[in-house]
Amino acid sequence: MTTPAEKDIVIKVENLTKRFGDFTAVNQISFEVNKGEIFGFLGANGAGKTTAMKMLIGILNPTSGKANVAGFDIYNQPEQIKRNIGYMSQKFSLYEDLTIAENINFFGGIYGLNDDEIKFKSEELLTKLNFHAIKNNLVSSLPLGWKQKLAFSLAIFHSPKIVFLDEPTSGVDPITRRQFWDLIYEASHNGITVFVTTHYMDEAEYCNRISIMVDGEIKALDSPKELKNNFQIDSIDDIFYLLARKAKRIE
Amino acid sequence: MRQLKFLLIKEFQQILRNKLLVRLIIAVPIVQLVILPFAANYEIQNIKLSVVDNDHSEYSRKLINKFTSTNYFLLNGYFYSYKEAIHQLEKDNAELIIEIPKNFEKDLIRENETKIFITANAINGQTAGLSVSYSNSIIRDFNNDIRIEWLQPARINSLPTIEVTSSNWFNPKMNYKYFIVPGLMVLLVTLVGFLLTTINIVKEKEDGTIEQLNVSPLKKYQFILGKLIPFWIIGLVVLTIAQIVSFVLYGIYPVGSYLTIYLFAAIYLVALLGFGLFVSTLAETQQQAMFIAYFFMMIFILLGGLFAPIENMPNWAQFLTRLNPVSYFIEAIRMIILKGSGIKELATHFGIIILFAIIFNTLAVYSYHKTN
């Protein structure tokens with residue numbers, strides 16, 4: 001599926017486009033993501049980040065363009081892609097009326113983990129998040145930050161090659177966000193490629209490379225350091241404002 | 001298979017945790033079976049009757065007596081004029097007016113002929129029709145009585161009359177409960193199964209959890225079975241509760257076999273839940289789902305033959321009932337309970353309901369997309 005030279009590229013996107021009627025949500029974007037990388041996908045609300053991500057994880061059909069995720073084609077092999085990725089949506093889709101332990105069991109189970117794996121990994125997860133004492137509490141009773149940490153841990157529970165995070169830290173305090181990024185670093189350290197959308201510019205600094213999306217197009221793509229050099233601006237925030245100011249779409 | 005097991009565990013954990021829902025699933029069939037058979041009473045009694053007797057004769061009194069001595073009519077009062085009586089009808093104090101003309105007795109004896117005027121309140125057409133036909137048979141009866149009275153006893157035999165004796169096969173006492181309760185069972189199973197399935201899936205859409213399932217390697221058939229099986233079981237539980245209640249309360253048990261009922265119900269539920277799944281793919285919010293589900297429930301009920309006999313419907317409506325799976329189950333369960341029909345006699349019904357199951361589930365599978 002992949003040639004030796006492309007071995008380390010886990011996501012390859014070429015001219016990917018999505019139109020809804022005469023509205024072009026994503027306009028001919030192209031980029032590559034390397035294995036083990038933390039790839040930041042920046043943009044204002046409505047810039048097309050979520051739409052682009054949904055095409056990559058196989059729940060939305062593109063209008064045109066090509067994309068390859070984890071070595072599989074998004075048109076023909078969406079089910080193989082699903083086996084190799086994890087996903088955490090903006091809504092942190094845990095079952096609120098199930099307990100922490102029940103959620104862990106369920107997501108472990110539908111990804112085909114066997115009983116021993118589920119048992120071992122859930123022990124590990126509960127210890128890491130310090131959730132042992134509350135594992136039988138309903139998810140609905142947890143504070144937002146804890147839910148997000150649990151949702152992330154479940155998104156990588158089955159050891160996927162890539163994890164897709166859609167604005168994972170919106171609405172939580174800076175300390176919890178910092179802790180959340182510690183989890184992301186740890187996953188990346190363990191060889192999981194992280195694809196994360198955000199509109200917090202301080203988080204962009206944590207990424208290996210970032211792309212800035214404006215009106216469905218990628219306007220800049222590089223490491224935070226290189227971007228600052230190229231634009232001769234010393235904060236990502238200001239670069240973002242410079243690019244986003246040209247946006248025509250209204251939030 | 002393993003994935004399906006986890007889906008089922010999850011579904012039952014959620015349902016059983018919803019204490020109110022569990023109580024409703026148990027209470028709804030009991031309450032409805034206790035109340036509705038009494039409310040859906042087809043027998044009409046105590047029709048309020050106003051009398052305008054302009055004759056005040058022996059015969060006019062005899063006729064009125066004949067009316068009031070039955071359970072069907074309840075005398076609301078005598079009035080001097082038709083105008084007063086119609087006023088009673090307008091105020092809803094009367095549903096039927098009999099006006100006996102002046103010289104009723106005289107005309108009857110001298111001319112061998114007289115007229116009676118009957119007015120029925122037709123706001124409720126069914127009551128009006130029945131009360132007029134009750135009146136007709138009472139008057140006919142009265143007519144026979146006086147003819148016999150006038151003829152010499154020896155000549156009675158020469159009076160040519162045809163007497164109609166009828167017997168009600170399969171329901172000898174014409175107990176309407178035997179007719180209504182089996183149909184209610186069907187509606188209860190339908191209501192619980194159909195609404196719960198539809199709402200359940202749309203709730204996952206609203207919560208965004210369905211997206212999480214769509215990005216997982218879960219197969220389409222696993223997802224659909226994971227949603228069908230729990231509500232299939234709940235449907236059969238509701239049916240069982242309904243059977244117990246109707247036996248304990250009304251002494252209704254099938255002349256045929258329980259096995260036939262359950263076999264039919266099992267297939268029927270697959271069809272119905274498939275339809276529920278299909279509807280849930282059309283709706284994005286629980287509000288929309290409720291509305292669509294309610295729309296279909298109304299059609300299921302009104303074109304199901306429970307309250308209005310299908311034979312009385314116009315041809316186009318009869319055709320629509322043939323597209324309504326509920327009508328087949330109501331017909332089948334009545335045949336099993338009242339008539340003792342078995343699988344052989346119900347072969348057509350089984351065939352059609354299997355066809356429904358295949359069509360609806362195919363529709364559901366095709367319209368549920370993991371990818372949009």
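Labels below follow one simple rule: chain letters A, B, ... track the order of the sequence lines, proteins then strands, and each chain is numbered from 1.
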Counting only non-hydrogen atoms closer than 4.5 Å, does [X] touch chain B with its backbone (N, CA, C, O), its side chain (CB onward), both, or neither?
X: A:Asn105; answer: both
X: A:Leu113; answer: backbone
X: A:Leu154; answer: neither
X: A:Phe164; answer: neither

- Message: On a heavy-atom basis, which atom in B:Leu8 and which in B:Pro230 lie closest, and how many Å separate them?
- Response: CD2-CD, 3.7 Å
Relative to chain A, which segment of [X] carries a heavy atom at a distance below 4.5 Å: side chain, backbone, both, or neither?
X: B:Leu218; value: both
X: B:Glu204; value: side chain
X: B:Leu7; value: both

- Task: Might you confirm whether atom OH of A:Tyr185 has over 12 heavy atoms from other residues, nucleotides or ligands at distances under 6.0 Å?
- Result: yes
- Take atom CE in B:Met290; do more than 12 heavy atoms of anything else shown fall under 6.0 Å from it? no
- Message: For A:Trp181, give me all partners under ring-ring contact (aromatic ring centres under 6.0 Å, His included), at least two apart in sequence or on another chain.
- Response: A:Tyr206
- Can you name the ring-ring contact (aromatic ring centres under 6.0 Å, His included) partners of B:Phe360, sequence neighbours left out? B:Phe275, B:Phe356
- Message: Please enumerate all residues that pass side-chain hydrogen bond (donor to acceptor under 3.5 Å, both in side chains) together with B:Lys205, with sequence neighbours excluded.
- Response: none
- Query: Under 30°, 30 to 60°, or over 60°: which ring-plane class applies to A:Phe41 and A:Phe31, parallel, tilted or perpendicular?
  - Reply: tilted
- Task: Mind telling me whether A:Phe20 and A:Phe23 have parallel, tilted or perpendicular rings, with 30° and 60° as the class edges?
- Result: parallel
- Item | NZ/NE/NH1/NH2 to OD/OE distance under 4.0 Å, A:Glu102 and B:Lys10 | no
- Task: Determine which residues belonging to residues 14-23 of chain B lie within contact range of chain A, meaning some heavy atom pair is under 4.5 Å apart, and list them by number or answer 'none'.
- Result: B:Gln14, B:Arg17
